[in-house]
Amino acid sequence: MTIKEKAQAVVEEFWMFDDWMDKYAYLIELGKDLPVIDSQFKTNNHLISGCQSRVWLHAEEQEGQIVFTADSDAVITKGIVSLLIRILSNHTPKEILEADFSFLESIGLQEHLSPTRANGLASMIKQIQLYARAFQLKSNQL
Amino acid sequence: MAFPVNQLRNDFPILSTQVHGKPLVYFDNGATTQKPRQVIDRLVQYYETENSNVHRGAHHLSNLATVSFEGARNFIAQYINAQRTEEVIFTRGTTDSINLVASSFHSFIQKGDEVLITAMEHHSNLVPWQQLCKNKEAHLCVIQVLEDGMLDMPVARKMLSPKVKILAFTHISNVLGTINPVKELVAEAHRYNIPVLIDGAQAIAHVQVDVQELDCEFYAFSAHKAYGPMGTGVLYGKSEWLNKLPPCQFGGEMIDQVSFDKTVFNKLPYKFEAGTPNVADVLGMETALRYLDTLGIKNIQQYEDGLLEHATSSLLKIPGIKIIGRAKQKTAVISFIVEGIHPYDLGTLLDQMGIAVRTGNHCAQPLVESLGLNGTIRVSFGLYNTLSEVDYFIDSLKRAINMLL
Ligand SMILES: Cc1ncc(COP(=O)(O)O)c(C=O)c1O
């Protein structure tokens with residue numbers, strides 16, 4: 001599936017719930033199900049700043065595609081990262097850099113989140129894009 | 001007579017608003033309190049009928065504004081039982097008041113001197129002293145907090161010595177709710193002639209503040225934590241000390257005579273009030289304190305103690321909850337953690353259910369870290385909160401915990 005198709009699927013999943021408590025319950029389940037990050041990557045180097053909770057994000061290249069793993073000490077935050085990872089993992093740097101993040105608006109996430117969480121989300125996206133750019137530069141140099 | 005909480009709630013327009021489709025339950029009074037209609041009306045009345053610069057023009061409006069403004073000072077001085085009206089300096093709030101004293105204190109501190117604070121200070125009563133000590137190569141010494149959230153008094157006594165040039169500590173902890181033994185510690189400090197500054201940010205709306213009884217040299221508070229407007233507050237200082245301290249901001253009404261060679265500063269309280277003051281908000285602060293005065297601060301405290309007791313015993317029945325701060329003397333502030341759950345997650349879900357709480361380190365990072373925590377959830381009550389709100393909060397909290405565990 002393309003990033004766009006995956007994002008659309010996530011938006012549809014979210015719209016199954018009318019109540020925000022249910023949407024949060026869903027995010028919490030996603031958070032709990034997120035595979036744990038290898039503990040060697042839970043270092044300050046992998047920490048994303050700008051979140052009230054701590055978020056670690058790691059990226060690896062596998063056959064031209066980027067695979068993200070992440071963790072957070074807060075489970076709702078983990079659910080949000082999990083969504084991003086599900087959509088953006090296993091794509092090329094180019095695809096990630098061209099991705100349209102407006103699906104977050106369709107979910108209603110950004111406007112619903114507290115400003116600190118919204119900042120945190122923006123920082124996560126920025127970090128994902130930074131990884132993509134770094135891998136792109138690296139592959140261009142090869 | 002029962003505390004008329006339902007009637008009082010009608011005075012606060014914001015309490016009838018909704019959050020995420022749920023009635024607002026406002027339990028973040030430690031951060032700021034909501035404003036009664038009377039205070040909001042006072043601001044409007046000022047701008048509609050009295051607005052003018054104070055102490056200046058000879059015209060009708062200026063006189064009116066000046067009389068109101070100085071009337072507010074007079075009332076506030078009485079409210080905190082200051083000996084003299086000019087001992088009340090208007091500032092932007094607690095932080096500004098503390099910074100004023102810390103900056104003016106430069107000339108009273110020498111290399112090697114000590115400034116004594118406690119481990120439960122808000123950053124506002126820590127960083128100004130830390131900077132002062134850094135500039136003067138003085139030592140910032142810290143009285144530790146015991147596990148139950150009380151000050152280690154035997155150690156505090158031992159830390160007092162002629163080397164200490166000022167003792168600054170909070171009346172009530174914004175994280176733990178602890179009411180510190182101000183009178184006792186001030187008396188101990190005075191044995192060495194050490195002046196004492198009290199951070200009253202969390203006290204002014206909850207307990208009686210009588211500066212002569214406390215006998216502290218300085219007392220700082222903010223209007224916005226006592227149902228008044230944001231952006232204004234008070235520094236009380238004994239006139240003996242305020243006369244000694246040099247001003248640290250210059251210009252405007254704080255000047256008596258000025259030539260290009262020299263300036264003679266105005267007398268108290270104007271010496272410390274450079275520039276045009278925040279007249280409307282000072283009047284709003286007066287109205288807020290009159291509101292508290294009419295209700296009676298002792299009645300408010302008694303009512304809030306009831307909320308505190310009910311909330312504490314209900315919380316303790318929930319498995320996995322740990323209350324941080326179990327001092328015997330507490331105000332209506334409860335910090336807690338739930339085992340295995342990040343405070344931020346709980347805060348988010350409670351917000352969904354219309355409940356405003358604070359999560360994080362509450363601007364007291366050294367304290368929270370010394371307790372081995374990365375944050376807490378804090379509920380802090382005000383005079384308009386009810387027992388049924390507490391019950392709704394407890395039910396919502398249980399629901400959130402079930403979702404998160
Ligand atoms: C104990 C304490 N001191 C100082 C402050 C700072 O007050 P303000 O921000 O009104 O200056 C606060 C407010 O959070 C506080 O709780």
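Throughout, a chain's letter reflects where its sequence line sits, starting with A, and its residues are numbered from 1.
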Exercise for the section: Answer with side chain, backbone, both or neither: which region of B:Leu349 has an atom nearer than 4.5 Å to a non-hydrogen atom of chain A? Expected result: both

Problem - Donor-acceptor pair, side chain of A:Lys78 and main chain of A:Leu30, under 3.5 angstrom - result: no

Practice task
Output yes when A:Asp71 and A:Arg54 qualify as a salt bridge under the 4.0 Å nitrogen-oxygen rule, no when they do not.
Solution key: no

Fill in the blank from the handout: Okay, B:Asn374 and chain A: the region with an atom under 4.5 Å from a heavy atom over there is side chain

Exercise for the section: Could you tell me whether a side-chain N or O of B:Arg9 sits under 3.5 Å from a main-chain N or O of B:Tyr384, the two making a donor and an acceptor? Expected result: yes

Practice task
Can you tell which part of A:Ile28 gets under 4.5 Å to a heavy atom of chain B, answering side chain, backbone, both or neither?
Solution key: side chain

Exercise for the section: Give a yes or no on whether the backbone of B:Cys363 and the side-chain of B:His123 come within a donor-acceptor separation of less than 3.5 Å. Expected result: yes

